[in-house]
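Since the structure comes first, as C-alpha cells, the remarks are kept for the end.
Values in this document were obtained by computation on a predicted structure and should not be read as measured data.
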Amino acid sequence: MAAHQRLMNMMFGTICSQVVGTAARLGLADHLGDDELGYQELAARTGTHPGALARLLRALAALEIVVETRPGTFRLGEAGMPLRTDRPDSQAAAVLLFTDPALLDSWKLTEEAVRTGQPTFEGLYGTDFFGFLATQPELSQRFNATMRQVSLPIAHLVPVSYDFTRYRTVIDIGGGDGTLLSQILRGARTLRGVVFDSPTGVAEASSTLTAAGVADRCRIEAGDFFAAVPEGGDIYVLKNILHDWDDERCATILGRCREAMPADGRLLIVESVLPDVVDTSDPAPYLTDISMLVNMGGQERTRYEYEQLCRRAGFAVTAVHPTVFPTSYSLIEATPV
C-alpha cells in the first residue's frame with residue numbers, strides 16, 4: 001500500500017471506530033445473526049432511518065464487517081462475527097467500551113497528555129478512570145465484560161505456559177470475575193485460590209467460579225490492593241494490573257504483595273512486554289500504551305522497566321516466559337529478595 005494511502009487510512013481511524021461502535025450500539029450483528037436481511041428490514045428492527053442505515057451498512061461492508069450479497073441486502077462478514085453477543089469470542093462489550101463518549105472525550109486531548117505526561121481523563125471528570133467507573137454502573141458493567149472477553153484467550157494459555165502444580169495457594173490480585181483463576185485451578189486439581197479485587201470487580205466472580213466447577217477450592221475477597229492484599233498465598237498473580245498505573249502506584253501494589261507473601265513465595269506478572277526496539281508487526285501494545293497515557297496514567301513496559309519496578313518493591317525478576325499467544329504477552333516470574 002502506498003504511503004499516502006496508509007496515512008489516509010489512519011486519519012480516518014476515528015470514523016472507522018465510530019462506524020463500528022454505532023453498529024454495536026444498534027445491535028446489527030445480533031439482528032443479522034446467520035441471516036441475510038435488506039436494509040429496510042434492519043431499519044425497522046433498529047428504529048433507524050432506512051436511507052441512513054443503508055449508508056452505514058455500505059461503510060461496514062467496505063470495512064468487511066458485513067457483506068453486501070446483492071444490492072441493499074447484507075449478511076455478517078467474518079470480521080463482524082465477534083460483534084454478536086451470543087458468541088463465546090464476542091468483542092461487543094469492548095467495542096462499546098472503547099467507543100463510549102467518556103473515553104473518546106479524553107482522546108481529543110491526546111496532545112495535552114503528550115505535552116504534560118499526565119492523563120487527561122481526570123481533568124475532564126474530576127476523578128480517575130476507576131473512580132469514574134464506580135459512579136457509572138452501565139459503563140462499569142461494560143468494563144468488566146471487556147476484561148472478561150480480553151482475559152479468555154490468555155486465561156486458557158497461562159496454565160499451559162507455567163507450572164502451577166508445585167504451589168498450594170494462588171492469589172489472583174485484581175482478578176475481576178475469576179476468569180483467569182478458574183482456568184488455573186482447572187489445570188491444577190490440588191491447588192486452592194483466592195480472587196481479590198474491588199467490590200465491583202468481584203461482583204460476578206461467584207458465578208464464573210461456579211460455572212468452571214472450582215468454587216469449592218476458591219474464596220472471593222474484596223478490598224483495595226493499594227492498602228493490603230490477602231496473605232496465605234505461595235504464588236501471587238497480577239494480570240493486566242500494572243499497566244494501568246504509574247511507577248509509584250505500581251511500586252505500592254508490588255510492595256503490598258511483598259508484604260503478604262512468604263520469603264519463598266513467587267510473583268507472576270502477566271503483561272505485554274515491549275521489545276527494546278519497536279516491533280512493527282503488532283501495533284496493538286503501542287496503541288494500548290497511548291491509551292494508558294491518556295485515560296489512566298499507566299503504561300506498557302519493557303522487560304528492563306519491569307525489572308526496575310520489581311527491584312523497588314523487593315523482588316528480583318528470575319525469568320520471563322513468552323506465551324504461545326500471538327501477542328506480546330509474557331509471564332514475568334519474580335522472587336522476594
Donor-acceptor side-chain pairing of Thr99 and Arg25 below 3.5 angstrom: yes
Reported SG-to-CG distance for the pair Cys16 and Asn9, which is rounded to 0.5 angstrom: 7.5 Å
salt_bridge(Asp34, Arg84) N-O dist < 4.0 Å: yes
Partner set under side-chain hydrogen bond (donor to acceptor under 3.5 Å, both in side chains) for Gln91, not counting sequence neighbours: none
Nearest atoms (heavy-atom pairs only) where Cys257 meets Leu238: SG-CD1, 4.3 Å
Set of residues satisfying side-chain hydrogen bond (donor to acceptor under 3.5 Å, both in side chains) with respect to Ser198, sequence neighbours excluded: Thr200
Criterion salt bridge (Lys or Arg N to Asp or Glu O under 4.0 Å) against Arg303, the qualifying member of Glu307, Glu300, Glu305: Glu307
Leu242 backbone acceptor or donor facing Glu271 side chain under 3.5 Å: yes
With a cut-off of 3.5 Å and sequence neighbours excluded, list every side-chain donor-acceptor pair involving residues 187-195.
| residue | atom | partner | partner atom | Å |
| --- | --- | --- | --- | --- |
| Arg189 | NE | Arg186 | O | 3.3 |
| Arg192 | NH2 | Asp216 | O | 3.1 |

Test of ring centre spacing under 6.0 Å for Phe98 and Trp107: no
Set of residues satisfying side-chain hydrogen bond (donor to acceptor under 3.5 Å, both in side chains) with respect to Thr120, sequence neighbours excluded: none
Closest non-hydrogen atom pair, Thr48 against Leu42: OG1-O, 4.5 Å
For Asp247, side chain to side chain contact (heavy atoms under 4.5 Å, CB included) partners two or more places apart: Gln299, Arg301, Leu309, Arg312
Residues which pass ring pair (Phe, Tyr, Trp, His ring centres under 6.0 Å) with Phe12, listed by chain and number, not counting sequence neighbours: none
